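Lettering of chains follows the sequences in order, A, B, ..., and the numbering in each one begins at 1. If you're wondering where the values come from, they're calculated on a predicted model, not measured in any experiment.
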Protein chains: 2
Amino acid sequence: MVAATVELTPKAHRTRAAILQEAERLFAAHGFRGTRLEDVAQAVGIRRASIVYYFADKRELYDAVLADALGGLLQRLREVLLTPEPLRERVDSAVSVWVDYIGERPTLARLVLRESVDAEPGEAPALLAHIGPFVELVRGLVGSEAVARVPVAIGPAHIASAIAGATLFFVGAMPTFVPDLEFDPLSRDHLDAHRREVLRITARLLGDG
Amino acid sequence: MVAATVELTPKAHRTRAAILQEAERLFAAHGFRGTRLEDVAQAVGIRRASIVYYFADKRELYDAVLADALGGLLQRLREVLLTPEPLRERVDSAVSVWVDYIGERPTLARLVLRESVDAEPGEAPALLAHIGPFVELVRGLVGSEAVARVPVAIGPAHIASAIAGATLFFVGAMPTFVPDLEFDPLSRDHLDAHRREVLRITARLLGDG
DNA sequence: GTCTATAGAGAGATAGAC
DNA sequence: GTCTATCTCTCTATAGAC
């Protein structure tokens, strides 16, 4: 494989980025198994064997897609969580970042939902390999005194699934159930309304609703 | 295929039920593509070709699994929604039935999440073929005068995704992110807490929170 | 009803030319 | 860097014996 950090000719760099982009779209739409390298190659406009030049095998391509999408989210979350703002405001900002990021990159919603559901019991899903930094980030917060004083009415797993589940489902799954209608969850209005509701739910779950 | 309603010998009936049960478990765990008929057969204790005697092909088996699981949910929802109780109480009962049914049959959470995410744009997912009765049920309610008077602060799509998404994600996906820990979303305590929160979210979304 | 055996398609990986 | 050609494995579907 050719690592992203290795120096590539401009053309090669474009090819690699195009592969990543099309692979993200197709993995999100059809899953790991359901996506053929043939289709990725065709979408990019190259031959299947050429993908191997950049990514040793299918799994490696998939991991690169996850790393790319999750890396962007992690960066934005760090920006809002690692500030001197009051904790409660940082949490709200993080929730907004979460909703907005998923809204701008809806493929991530499907990728994460797929990873969640595909996980084998006892066997770490590919997602978990990328999730360490997120855990560190949250752990840093939870470890702080400030968090200990927030009256949490309910376990963090419940909070997380309500917030994450609502947004992932809204963006990643609702279009399935309201097909070809005028309903687009990614439209400005619907996403605004969704963000508002998730913020209210967050407040409610944190005990100050 | 041998329809469920056709008269079968007791033994054949048991075999058919066993195939359905193992197929539900495996389809939920690995998805349609990821489940091999070989594995279903092995789990039941028969040979792969024998499955064909009951279900013409893999897709037909999958449809039968969906119909079985969703049929049970529909029946319970009808029981609580088609009563003379005040509408607001019926909605709460329906939400409770939803949470409890998924809690008792967590395979359904994964099946529904998979169907939602697998849906091709422009192409009806298998789930939609089974969902007609649910739509009819809700349409009957929404058409009634009583519903028109409920102050709905937000669109039904948002309400549905918040409620459905939270529960599906909690049951179907959380175990992935909190692996091998002492966390079991299906335990009585956690499911009770989750039901409580979803009922609160419902109230909030319906404007009387 | 349940089995054995096999055909046939699909798709990932690999070798090597240009 | 990108290609053609091929190997190989997996899994569904089918035919037909018992």
Side-chain angles (χ1 to χ4, degrees), chain A residues 1-66 114 118 120 126, chain B residues 1-66 114 118 120 126:
Chain A
M1 152 183 182
V2 177
T5 50
V6 164
E7 211 57 45
L8 295 176
T9 69
K11 184 185 168 194
H13 191 274
R14 278 198 303 276
T15 302
R16 189 181 186 280
I19 294 172
L20 270 181
Q21 182 180 334
E22 295 304 322
E24 177 170 336
R25 185 175 63 80
L26 290 165
F27 280 137
H30 311 296
F32 181 78
R33 275 195 154 90
T35 297
R36 295 176 303 183
L37 291 182
E38 180 71 45
D39 293 339
V40 176
Q42 189 181 344
V44 174
I46 58 180
R47 289 299 191 165
R48 182 165 72 259
S50 301
I51 294 180
V52 181
Y53 177 75
Y54 297 93
F55 305 94
D57 59 18
K58 192 182 183 183
R59 177 61 60 178
E60 197 165 285
L61 173 57
Y62 184 72
D63 277 344
V65 165
L66 280 187
R114 286 186 184 285
D118 277 344
E120 312 276 324
Chain B
M1 153 183 181
V2 177
T5 49
V6 165
E7 210 58 44
L8 296 174
T9 68
K11 183 186 171 194
H13 191 274
R14 277 197 304 276
T15 301
R16 189 181 186 279
I19 293 172
L20 270 181
Q21 183 180 332
E22 295 303 323
E24 177 170 335
R25 184 174 63 80
L26 290 165
F27 279 136
H30 310 296
F32 181 78
R33 273 194 157 88
T35 298
R36 295 175 303 182
L37 291 182
E38 180 72 44
D39 293 338
V40 177
Q42 191 182 344
V44 174
I46 58 179
R47 288 300 191 163
R48 184 167 67 259
S50 301
I51 294 179
V52 181
Y53 177 76
Y54 297 94
F55 305 95
D57 59 19
K58 193 183 183 183
R59 179 60 62 176
E60 197 165 285
L61 172 58
Y62 184 72
D63 277 344
V65 165
L66 281 187
R114 286 186 183 284
D118 276 342
E120 312 277 324

Contact nearer the 5' end of DNA chain C, comparing B/Gly45 with B/Arg48: B/Gly45
Within 45° cone and under 6.0 Å: A/Arg59 NZ/CZ vs A/Phe32 ring: yes
Interface limits on DNA chain C, where chain A has a heavy atom under 4.0 Å of a nucleotide atom: C/dA11 to C/dT14
Donor-acceptor pair, side chain of A/Arg114 and main chain of A/Ala29, under 3.5 angstrom: yes
Cation-pi check, B/Arg16 onto B/Phe55 ring (under 6.0 Å, within 45° of axis): no
Integer-rounded Å distance: D/dC9 P and B/Arg36 CZ: 15 Å
Of B/Arg33 and B/Lys11, the one whose closest DNA chain C nucleotide lies more 5': B/Lys11
Criterion side chain to side chain contact (heavy atoms under 4.5 Å, CB included) on A/Leu8 and A/Thr15, from CA distance to verdict: CA-CA 10 Å; A/Leu8 295 176; A/Thr15 302; over 6 Å; no
Residue whose nearest DNA chain D nucleotide is more 5′ - A/Thr9 or B/Lys58: A/Thr9
Side chain to side chain contact (heavy atoms under 4.5 Å, CB included) between B/Gln42 and B/Arg48, worked out: CA-CA 8 Å; B/Gln42 191 182 344; B/Arg48 184 167 67 259; over 6 Å; no
Rounded interatomic separation in angstrom, taking CG from B/Leu61 and C1' from D/dC11: 15 Å
Point-to-point distance, once rounded to the nearest 0.5 Å, from NZ of B/Lys58 to CZ of B/Arg36: 10.0 Å
